[in-house]
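Have a look at the structure below before the remarks.
Residue numbering restarts at 1 for every chain, and letters A, B, ... go by the order of the sequence lines. Source: prediction; values computed, not measured.
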Amino acid sequence: MTKNVRTRFAPSPTGYLHIGGARTALFAWLYARHTGGTFILRVEDTDAQRSTDASSRQILDAMEWLGLDWDEGPFYQSQRLDLYKSYVDKLLEEGKAYWCECSPEELEERRKIALEKGGKPKYDGACRTKGLGPGPGRVVRFNLPQSGITSFDDMIKGKITVDNSELDDLVLIRSDGMPTYNLTVVIDDALMNVTHVIRGDDHVNNTPRQVLLYTALGFDLPVFAHVPMILGADKTRLSKRHGATSVTAYKDMGYLPEALVNYLVRLSWSHGDQEIFSREELISFFDIQDVGRSAAVFNPEKLIWLNHHYIKTGDPHRIAGLLPDFIKARGYSVPDRTYLDRIVQDVRERTKTLEEIVDFGDFYFSEKEPPEGLKADFFKPELAGVFRSLVARFEKIDLSVKEQAEESVKGLLEETGMKFKVLAQPMRIALTGKTVSPGIFEIIATLGNERVIPRLKKALAYMEGQE
RNA sequence: GACCCCAUCGUCUAGAGGCCCAGGACAUCGCCCUUUCACGGCGACGGCGGGGGUUCGAAUCCCCCUGGGGUCGCCA
């Protein structure tokens, strides 16, 4: 029987959930779900200076929004300090760790000199043999082997080998008594029985030192899988310079979680030529074996294409339910749900985000006065007659039934011998204030008599005023 | 600078020695549909970084070069 898979996502609450972090979390979550394993959430808040509760909450919210639910946790490392300390004591006793009194300033200085000499700016081991005890300003360092090699098998990258002489004695306990990342991550992954450590590429270089720590602590090694980075258009690490990088920002811009998930999963992972994946498909298809080794460039255009795809194929009722926040943000009052449902169905083929639904469909929420130029161009006096008949006909029927309006206009066209093309734009402008909109009859049906008639009359009055 | 990693269209990728004078998707550009704009359909443009090997045969294997990324913190 194979060991039950256990994966985890371990964000540090020093900011929002980054797109790259979200993709890593997604992979770890998918792998757990795919294998029927367990997904753990662990907040790595050992940096007391920068960690905040607000960040923690925001990250958890973003995870939930993406639908990445966890089976265990969230665990907070700041609540496990005694645990880490007991392991460090053990290392100290066994001579596998030692106290160091070098100050950050001197270390910085020495690093600079080493760099100038063209060497590796690593800790020189000055305190290794001093036999120091605890004291103010002192840290605990890991006493790692100075020779030999360390290697591990990465599920994505393959075998990675590093000469131990490249490594230096990392800090385990800071001078303020707080443990550091490399220590806590190893202890927690081991104690939480994490079987697959799935994390960003930027951790590859930390891994050999952690492997050494696992060994020193007497733990079994997990399997490592380092996911390639996501880069910006200029192929440098994705950052704010490249646009929005937080999951929350995409939510606020009107992206759907399924679109972001679908976009993110295709970065460095693929399943043949398939582009669109349901959550169920993702769970059944996803495997770390299929994750590529090279970095991917974040392409906002493709994300927006996917978002549009999900907007135009998703359940309109559900999408309508997501609209109120965006409607309020534009200062409109929120109409009833049935009306919203119809709006979504009217506009979704031409709107790529929830925000766009509200902007493109602005005329649904309030009457939009057409610009003077449009009125002059389209509300020609010679149209007054037809418009008058149009209004008269519309007043007698229920416009919310699309067929009735269609029949009515058809009759009018037959009667006057006029082409619909001539009537369409003036009607559109009268109803929406602009030249681009959903189909005329869709608009009419959604707007209904109480909105359509006054707008048409207003246009008619303008035409008559020109006569 | 040192170390680690990576390298197929502009971008995401398929491709695990012959099925590939390289397939799909986004973007771009045409055409069709059409009440505007879209949607949809059809088509076009566009790539195996370079050089050596291995092999009957290489996008696929090996080496070098080049290019790119990552790390070198009392951040994670």
Side-chain angles (χ1 to χ4, degrees), chain A residues 10-15 21 44-47 49-51 77 100 102-104 107-108 111 114-123 137-141 154 156-158 160-163 165-168 170-182 184-185 199-208 226 228-229 231 233-237 263 266-276 292-306 308 312 347-352 360 409 419-429 432 434-441:
Chain A
S12 70
T14 53
E44 312 222 317
D45 54 352
T46 52
D47 183 344
Q49 319 302 327
R50 299 196 295 159
S51 297
Q77 292 190 322
C100 165
C102 302
S103 73
L107 291 172
E108 188 50 44
R111 252 181 234 121
L115 218 43
E116 274 161 18
K117 283 192 193 150
K120 185 139 180 135
K122 55 175 217 169
Y123 178 66
R138 291 183 183 173
V139 302
V140 175
R141 284 183 185 275
D154 191 282
I156 294 170
K157 305 267 177 196
I160 292 175
T161 303
V162 164
D163 200 307
S165 63
E166 293 295 328
L167 279 18
D168 68 354
L170 60 152
V171 170
L172 263 21
I173 299 287
R174 299 179 173 87
S175 54
D176 67 359
M178 287 293 275
T180 60
Y181 163 74
N182 281 297
T184 58
V185 76
R199 69 206 340 180
D201 221 349
D202 48 341
H203 288 286
V204 170
N205 290 288
N206 279 326
T207 309
H226 288 96
M229 302 270 89
L231 311 175
D234 58 359
K235 303 236 183 192
T236 62
R237 198 194 189 105
Y263 177 69
R266 284 285 288 99
L267 259 25
S268 294
W269 176 83
S270 63
H271 183 73
D273 282 340
Q274 190 169 340
E275 295 286 352
I276 309 285
R293 285 153 303 167
S294 45
V297 172
F298 185 81
N299 181 351
E301 310 266 69
K302 191 161 180 182
L303 202 210
I304 211 162
W305 167 74
L306 275 163
H308 189 197
K312 80 191 177 214
V347 305
R348 62 181 186 159
E349 265 172 13
R350 30 213 130 202
T351 51
K352 300 174 197 294
F360 182 74
V409 169
K419 299 284 259 178
F420 182 54
K421 216 173 175 114
V422 183
L423 201 53
Q425 280 306 70
M427 282 177 74
R428 185 187 317 283
I429 291 159
T432 70
K434 51 195 180 186
T435 57
V436 173
S437 82
I440 299 279
F441 296 107

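Heavy-atom contacts from other residues, nucleotides or ligands closer than 6.0 Å to CZ of R293(A) number 12 or fewer.
A donor-acceptor contact under 3.5 angstrom links the side-chain atoms of R350(A) to the base of C37(B). Put simply, the side chain of N206(A) and the base of A76(B) share a donor and an acceptor less than 3.5 Å apart. Side-chain atoms of R266(A) stay outside donor-acceptor range of the base of U13(B), with no qualifying N/O pair under 3.5 Å. Looking at S175(A), its side chain comes within 3.5 Å of the base of C74(B) through a donor and an acceptor atom. At a cut-off of 3.5 angstrom, counting only N and O atoms as typed in the model, there is a donor on one side and an acceptor on the other between the side-chain of D273(A) and the base of G23(B). Contact annotation: side chain of Q274(A) to base of G24(B), donor-acceptor pair absent below 3.5 Å.
For C74(B), the OP1/OP2 oxygens have no side-chain nitrogen or oxygen of S103(A) closer than 4.0 Å. In this structure, R111(A) reaches the G73(B) phosphate: one of its side-chain N or O atoms is under 4.0 Å from OP1 or OP2. Between S270(A) and A14(B) there is a side-chain polar atom (N or O) within less than 4.0 angstrom of OP1 or OP2. Between K312(A) and G40(B), a side-chain N or O to OP1/OP2 separation shorter than 4.0 Å is present.
The side chain of P104(A) approaches C74(B) more closely than any other nucleotide in the set A27(B), G69(B), C74(B). Residue K352(A) has its side chain nearest to C39(B) when only U36(B), C39(B), U13(B) are considered. For K157(A), the side-chain atoms get nearest to C5(B) when compared with the rest of U35(B), C5(B), C26(B). Comparing G24(B), G69(B), U35(B) by their nearest atom to the side chain of M229(A) picks out G69(B). Side chain of K235(A), nearest nucleotide from U11(B), G70(B), U35(B): U11(B). The side chain of I160(A) approaches C4(B) more closely than any other nucleotide in the set C4(B), C39(B), C12(B).
Remark: C74(B) base-pairs with no nucleotide in the shown strands. Criterion, Watson-Crick or G-U wobble with two distances under 3.5 Å. In this structure, A16(B) forms no base pair with any nucleotide, since neither Watson-Crick nor G-U wobble geometry is met with both distances under 3.5 Å. For C26(B), the paired nucleotide is G10(B), the pair qualifying as Watson-Crick or G-U wobble because both relevant distances are below 3.5 Å.
The residue among T435(A) and L231(A) whose nearest nucleotide of RNA chain B lies closer to the 5′ end is T435(A). Checking V297(A) against S12(A), the closest nucleotide of RNA chain B that is more toward the 5' end is the one next to V297(A).
Distance check on atom P: A59(B) versus C48(B) gives 11 Å, rounded to whole Å. Straight-line distance between the C1' atoms of C20(B) and U28(B): roughly 25 Å, to the nearest whole Å.
Nucleic acid contact for E275(A): base, since at least one base atom lies under 4.0 Å from a heavy atom of the residue.
Atom CG of D202(A) is separated from atom P of U71(B) by 6 Å (rounded to the nearest Å).
A side-chain donor-acceptor contact under 3.5 Å links T236(A) and D234(A).
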